Amino acid sequence: MKILVIGSGGREHAIVWKLAQSRVVDKIYCVPGNAGIAQIAECLEVESRDFSSLLDFVKYEWIDLTVVGPEDPLAKGIVDIFQKEGRKIIGPTKAAAQLESSKVFAKEFMKRHKIPTAEYKVFTSYTHAEDYIRLKGTPIVVKADGLAAGKGVFVCKSYEEALDALKLIMKDKIFGPSGDRVIIEEYLEGIEASYLVFTDGKNILPMVTSKDHKRLLDNDEGPNTGGMGTYSPNPIITPELESNIMETIIKPTIKGLKQEGIVYQGILYAGLMIVDNKPYVLEFNCRFGDPETQVILPRLETDLVDVFMGIANGKLNRIDIKWRADASLCVILASQGYPGKYKKGFPIEGLEFLKNLKDVTIFHAGTKFDDKGKIVTNGGRVLGVTALGKDLNEARQKAYAAIEFIKFEGMHYRKDIGLKV
Ligand code: AMP
Ligand code: GLY
């Protein structure tokens, strides 16, 4: 079987790594990939935003299945285009991906279907939004409607901060048209958790629980990032809470979409805030999380191709999914300056010492080979060091021990992943 994976992050490296272990996969291609992915798949120069070239490639090479990593191609309708041509592809359609691509759509959908989420109001006028913030007081959360590479949410402690956020989104338009509408949302105080499921639109297979660390610095300080580290399982999600999440959030979402004429197939990711043991949706993502995937997939025992084929064929109920009991933990090594501006092209030392370890895997994100064949930094999040252990503590020790071997100029990482649950 031949598979094409779209994307270039740690998430896509984890997907390709898991697919490479499948008993039925002969060849994996990745567009555009990175230096880690290039060691186990063939990376292609095809412009990943050019869906018709991708489709030509899939037809010409007889690709059996395409897997989409990031949200952008999903929001632009790659699944609709591939499915129209009868091609198997993993991910929701453009209509279904609105759950992530429009926060206004997601909030209104949740309201219609009584899915627990923070109170909110939508604004197209700066002055009305400003008046509302004054009325509500702080802390308060300001969100751009559209996609903003994980940077469109501002949790504001003061009135000044909230106005600054509003100005950046609505006046300076730092996210372009994604900021035509803003959501002003009640601040929820609680514990965050990520909950991901596979679904074929009818059947739902939950993944193991996980926790992301969005803030840049230790003790959850500094700006929000795409994610600085993860672990799995997340002990906050007890079996009772998990069944509450399924019954009040995941099932009503899949069912509610169906009632509205949208069949959701692929991965559904709910970013949750747990307040007094009750789950509230902060956001939906229509794809695997990054870096959640780097801790979830190493725990998957079942062949990932079986799960993907179950989704594509609407037969997920036939899959008996199995997970390892071990815990896993991932620490992101980032470039100095991330999530703001950073330099690229610094050589990465030490990776050769960490090859072929049983319990430690280095997932590449922003890396590439330079002209001399040396692996250099090429992005904000550079590597994800993932370890498996009998419990979180052991996984944590192994991951941090591995990091000692790795060096690149400006390397920054959190020291407290997994310390505080
Ligand atoms: P989102 O992209 O919507 O998940 O938001 C990014 C981060 O902002 C979340 O992971 C939370 O840490 C924080 N956040 C978003 N919405 C809220 C909220 N209503 N209350 C408190 N924190 C929030
Ligand atoms: N780790 C957060 C995300 O994938 O959106």
Side-chain angles (χ1 to χ4, degrees), residues 7 9-12 14-15 68-72 74-75 97 99-107 110 116-121 133 136 138-157 161-162 165 169 175 178 182-196 207 209-217 219-232 234 267-275 278-297 330-332 334 339 363 365 380-381 384 414 417:
R11 164 183 50 210
E12 288 75 22
I15 294 169
V68 188
E71 61 276 19
D72 222 48
L74 296 168
L99 271 190
E100 176 168 3
S101 65
S102 168
K103 288 190 186 287
V104 172
F105 173 88
K107 292 297 275 191
M110 286 189 270
T117 187
E119 287 289 315
Y120 72 100
K121 250 183 165 1
I133 292 172
K136 283 287 175 185
T138 52
I140 200 151
V141 185
V142 180
K143 298 185 174 186
D145 172 38
L147 292 180
K151 293 172 191 150
V153 173
F154 297 82
V155 178
C156 307
K157 296 254 153 39
E161 264 180 66
I169 298 172
F175 307 118
S178 283
V182 290
I183 291 171
I184 314 283
E185 189 173 290
E186 167 201 16
Y187 172 78
L188 295 177
E189 177 124 35
I191 300 171
E192 278 187 62
S194 306
Y195 196 77
L196 288 86
M207 299 188 207
T209 59
S210 57
K211 159 132 185 122
D212 189 13
H213 296 68
K214 290 234 170 77
R215 301 295 192 114
L216 180 68
L217 306 172
N219 292 317
D220 290 333
E221 284 172 14
N224 266 331
T225 68
M228 293 300 292
T230 37
Y231 57 72
S232 171
N234 182 350
I267 286 102
L268 178 65
Y269 162 157
L272 305 171
M273 187 70 90
I274 313 297
V275 185
K278 271 188 62 190
Y280 293 81
V281 178
L282 293 181
E283 63 163 353
F284 281 119
N285 294 316
C286 58
R287 48 160 177 89
F288 278 114
D290 191 348
E292 285 88 339
T293 308
Q294 289 90 307
V295 288
I296 291 174
L297 291 185
C330 170
V331 182
I332 296 296
F363 292 118
R381 291 189 291 177
R414 278 182 64 159
I417 306 300

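One-based numbering, in listed order, for ligands and for the atoms of each. Fair warning: this is a prediction, and the values are worked out from it, not measured in the lab.
For ligand 1, the protein residues placed under 4.0 Å by at least one non-hydrogen atom are Lys103, Ala118, Val141, Lys143, Val153, Val155, Glu185, Glu186, Tyr187, Leu188, Glu192, Lys214, Asn224, Met273, Leu282, Glu283. Near ligand 2, residues Asp212, Lys214, Gly226, Tyr269, Asn285, Arg287, Gly289, Asp290, Pro291, Glu292 each place a heavy atom inside the 4.0 Å sphere around the ligand atoms.
Heavy atoms only, all atoms of each residue included: Asp145 and Val104 are closest at OD1-N, 2.9 Å. Looking at every heavy atom in both residues, Cys330 comes nearest to Pro291 through SG-CB, 4.2 Å.
Side-chain N/O atoms of Ser210 and Glu292 include no donor and acceptor closer than 3.5 Å. No side-chain N or O of Asp212 forms a donor-acceptor pair with one of Thr230 less than 3.5 Å apart.
Residues Lys103 and Tyr120 fail the side-chain proximity criterion, which asks for heavy atoms closer than 4.5 Å.
Atom NZ of Lys157 and atom OH of Tyr187 lie 5.0 Å apart (nearest 0.5 Å).
For the side-chain contact (heavy atoms from CB on, under 4.5 Å) with Arg414, the lone residue among Asp220, Leu217, Leu216 that qualifies is Asp220.
Using a cut-off of 4.0 Å between Lys/Arg side-chain N and Asp/Glu carboxylate O, Lys107 and Glu185 are scored as salt-bridged.
The environment of CD in Glu186 is crowded: more than 12 heavy-atom neighbours from other residues, nucleotides or ligands sit within 6.0 Å.
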